[in-house]
Amino acid sequence: MSTTRPSRLHRAVLLDPARDRWRVVDLDQRWVDHGDLTAALGVERAWKCGTPRWETDDRVVHLLVPAEGESLPEDGWSRDPAEAGFDEATVDWLVATYDAWRTGRVVVTGQPWWSAAWAGEVTAWLDEVLPGVGLARVAEPVPAKLWSLSAVLRVPVAGADGERSLWFKATCEWFRAEPSLTAVVAGLAPDLTPDVVAVDPGRAWMLLEELTDADAEPAHLAVTAAAGMARLQLAADRSDLLDAGVEERSLSGLVGELHVALHDSVLRDRFSPQQWTEWAEVEPWVVEQIEALDAIGLPTALNHGDLHFGNIAGDTSPVVFDWTDACLTHPYLDARHLAAERRDAEHATRVWAAWCEPWRVAYPELDHERAWALTPAVETAFQVATYERILRAQDPDGRSDLAAVVPWLHERLRAARDAAGAG
């Protein structure tokens, strides 16, 4: 059994606006971000036209078009679908997806950013809010990430202090509380969270100051982030968080969520009956772990929900961003997620020590070490349930972005059981 994160073949397709040729590059990796796709295709600015096409369980096609005025590579173009390895259905999808993007006819339940007109709406909003904070836009926004859950653009601006970039983010309906929540958390812990420039709650848009070293993996900041997050958990007012749209996800509720993910997943047909049978075998043991952790008695607290290195920026001090999965749940689930970012016992020990210190002071009578020992299985079960919830909220055609993670998470659950000697 392997718990190595899976890889997939991502086929990046750059379509000439004339629709008579395309440039195709294959990337064999687990995730690709927008920068990976544009760099491979040889363009700086390009718009993704829609949800990627899920050709097989391990092959996904991404369609991009160059931004207006973008210089195109001179070579590597093809006019023959067979030469590019496309069947008739994929060619039809390429043409239909581009036409939908160009005309604004978003198909099925696609996101608003799968439309050429959407960029103009964003630009108009930026030009409306930026003067109020002493800034002006100096160039067109540059797509940085476009996928089924969100759209992120880099916005070049200028003010009294010179030129810099801001980050614009739009979220899907499932995560529409993120802008309001980010503003609330920023008020509670301004040194730990992004600086919010502007928010449009109605459209789930927000504008943030640029994050330092957002593309780095700041392992050196993990301990400081752990301590800061624990303090935030204890200081945050539950009523303020609930008013901002934070959901309560108790461990007792997690038992039911896990059962749905194991026995009635929206991806039931994507994986074999044998796989689902094997994954379900671990359920009784995991439920025991969940119930034991709940019985220790720690209250629910604000959790980021996906606290990995990719959601921590900064050079000398951490900034935690991307609060889309935030909820009220067991306070040590985020700690375990961050501790697992490195296969390094010392890293995990230091993260745990920093995180649990203020909680030990607040609840000295509880068995914190026992709680920590139970978190490997419970935190993974929490992620299994979280992914199932997100997948259910997505357009079926958009599920390819996350589907490859599902078997990996289930295998992690089995590995946690085996490591505990319960297999």
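- At distances below 3.5 Å, at least one donor-acceptor pair connects side-chain atoms of Q275 with backbone N or O atoms of S272.
- The backbone N or O of H10 sits nowhere less than 3.5 Å from a side-chain atom of D28 that would complete a donor-acceptor pair.
- For CD of E281, the number of neighbouring non-hydrogen atoms (other residues, nucleotides, ligands) closer than 6.0 Å is greater than 12.
- W359 and Q233 share a side-chain donor-acceptor pair at under 3.5 Å.
- Remark: E291 engages V287 in a side-chain contact (heavy atoms from CB on, under 4.5 Å) (not counting sequence neighbours).
- For R238, the side-chain contact (heavy atoms from CB on, under 4.5 Å) partners are E248, T300, L328, not counting sequence neighbours.
- A cation-pi arrangement is present between R412 and W408, with the terminal nitrogen or guanidinium carbon under 6.0 Å from the aromatic centre and inside a 45° cone about the axis.
- Side-chain atoms of L232 and V185, non-hydrogen and from C-beta on, do get closer than 4.5 Å to each other.
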Between H62 and K48, is a side-chain hydrogen bond (donor to acceptor under 3.5 Å, both in side chains) present by the stated rule, with each step listed? CA-CA 7 Å; H62 306 261; K48 210 171 180 181; 3.1 Å; yes
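- Looking at W114 and L146, their side chains come closer than 4.5 Å, going by heavy atoms from C-beta outward.
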Can you check side chain to side chain contact (heavy atoms under 4.5 Å, CB included) on V286 and R414, steps first, answer last? CA-CA 9 Å; V286 176; R414 298 180 69 203; over 6 Å; no
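- Salt-bridge formation is detected for the pair E209/R164: a Lys NZ or Arg NE/NH1/NH2 atom is positioned less than 4.0 Å from an Asp or Glu carboxylate oxygen.
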Check the pair L135 / L166 against side chain to side chain contact (heavy atoms under 4.5 Å, CB included), numbers first and verdict last. CA-CA 10 Å; L135 297 171; L166 302 179; 3.9 Å; yes
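- Smallest separation of non-hydrogen atoms from V196 and A186: CG2-CB, 4.3 Å.
- The residues R11 and D26 are annotated as salt-bridged, a charged nitrogen and a carboxylate oxygen being separated by less than 4.0 angstrom.
- Open room surrounds CD on E357; 12 or fewer heavy atoms of other groups in view lie less than 6.0 Å from it.
- In this structure, W101 has its ring center no closer than 6.0 Å to that of W47.
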Take H337 and D334 through the side-chain hydrogen bond (donor to acceptor under 3.5 Å, both in side chains) test and state the conclusion after the steps. CA-CA 5 Å; H337 200 82; D334 266 357; over 6 Å; no
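- Ring pair W279/H410 is parallel by interplanar angle, where below 30° counts as parallel and above 60° as perpendicular.
- For E210, there are no salt bridge (charged side-chain N to carboxylate O under 4.0 Å, His left out) partners two or more places apart in sequence or in a different chain.
- Annotation: side-chain contact (heavy atoms from CB on, under 4.5 Å) contacts of A89 (sequence neighbours excluded): R53, D87.
- In the displayed structure, R350 atom CZ is contacted under 6.0 Å by at most 12 heavy atoms of other residues, nucleotides or ligands.
- For CZ of R360, the number of neighbouring non-hydrogen atoms (other residues, nucleotides, ligands) closer than 6.0 Å is greater than 12.
- Residue R342 places its CZ atom among 12 or fewer non-hydrogen atoms of other residues, nucleotides or ligands, all under 6.0 Å distant.
- A donor-acceptor pair is defined here as one N or O able to donate and one able to accept, closer than 3.5 Å; no such pair exists between the side chain of N311 and the backbone of H308.
- Side-chain atoms of H368 and Y363 form no donor-acceptor pair, as typed in the model, at a separation below 3.5 Å.
- Under the 3.5 Å distance criterion, the side-chain polar atoms of H220 are matched with a main-chain donor or acceptor of D315.
- The distance from the CZ atom of R417 to the CH2 atom of W285 is 8.0 Å, given to the nearest 0.5 Å.
- Using a 4.5 Å heavy-atom threshold, the side chains of W205 and V199 count as separate.
- A340 meets the side-chain contact (heavy atoms from CB on, under 4.5 Å) test with no other residue; sequence neighbours excluded.
- Residues passing the salt bridge (charged side-chain N to carboxylate O under 4.0 Å, His left out) test with E247 are R389, sequence neighbours excluded.
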Side-chain polar contacts of residues 254-265 - donor-acceptor pairs under 3.5 angstrom, sequence neighbours left out - could you list them?
| from | atom 1 | to | atom 2 | distance (Å) |
| --- | --- | --- | --- | --- |
| E257 | OE1 | R249 | NH2 | 2.7 |
| H259 | ND1 | E283 | OE2 | 2.8 |
| H263 | NE2 | E283 | OE1 | 2.7 |
| S265 | OG | L267 | N | 3.0 |
| S265 | OG | E388 | OE1 | 2.8 |

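- Side-chain contact between C172 and F175: present, with at least one pair of heavy atoms (C-beta onward) separated by less than 4.5 Å.
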Apply side chain to side chain contact (heavy atoms under 4.5 Å, CB included) to residues W167 and L207 and explain how you reach the verdict. CA-CA 6 Å; W167 291 99; L207 189 62; over 6 Å; no
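- Looking only at side-chain heavy atoms (C-beta outward), V60 and L9 stay at 4.5 Å or farther from each other.
- Residue pairs meeting the side-chain hydrogen bond (donor to acceptor under 3.5 Å, both in side chains) criterion with at least one partner in residues 187-200, sequence neighbours excluded, are D200-R203.
- Looking at heavy atoms from C-beta onward, L293 lies out of side-chain contact with L298 at the 4.5 angstrom threshold.
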Could you go through residues 148-155 and list every donor-acceptor pair under 3.5 Å that involves a side-chain atom there, pairing it with any protein atom two or more places apart or in another chain?
| from | atom 1 | to | atom 2 | distance (Å) |
| --- | --- | --- | --- | --- |
| S148 | OG | Q394 | NE2 | 2.5 |
| S148 | OG | D401 | OD2 | 3.0 |
| S150 | OG | W147 | NE1 | 3.0 |
| R154 | NH1 | S165 | OG | 3.4 |

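- Legend: residues meeting ring-ring contact (aromatic ring centres under 6.0 Å, His included) with W323, ordered by chain and number and at least two apart, are H304.
- The six-membered or imidazole ring of W355 lies away from that of W352, with a centre-to-centre distance of 6.0 Å or more.
- Legend: residues meeting side chain to side chain donor-acceptor pair (under 3.5 Å) with W113, ordered by chain and number and at least two apart, are absent.
- Side-chain contact check for V406 versus L391: some heavy-atom pair is nearer than 4.5 Å.
- For D367, there are no salt bridge (charged side-chain N to carboxylate O under 4.0 Å, His left out) partners at least two apart in sequence or on another chain.
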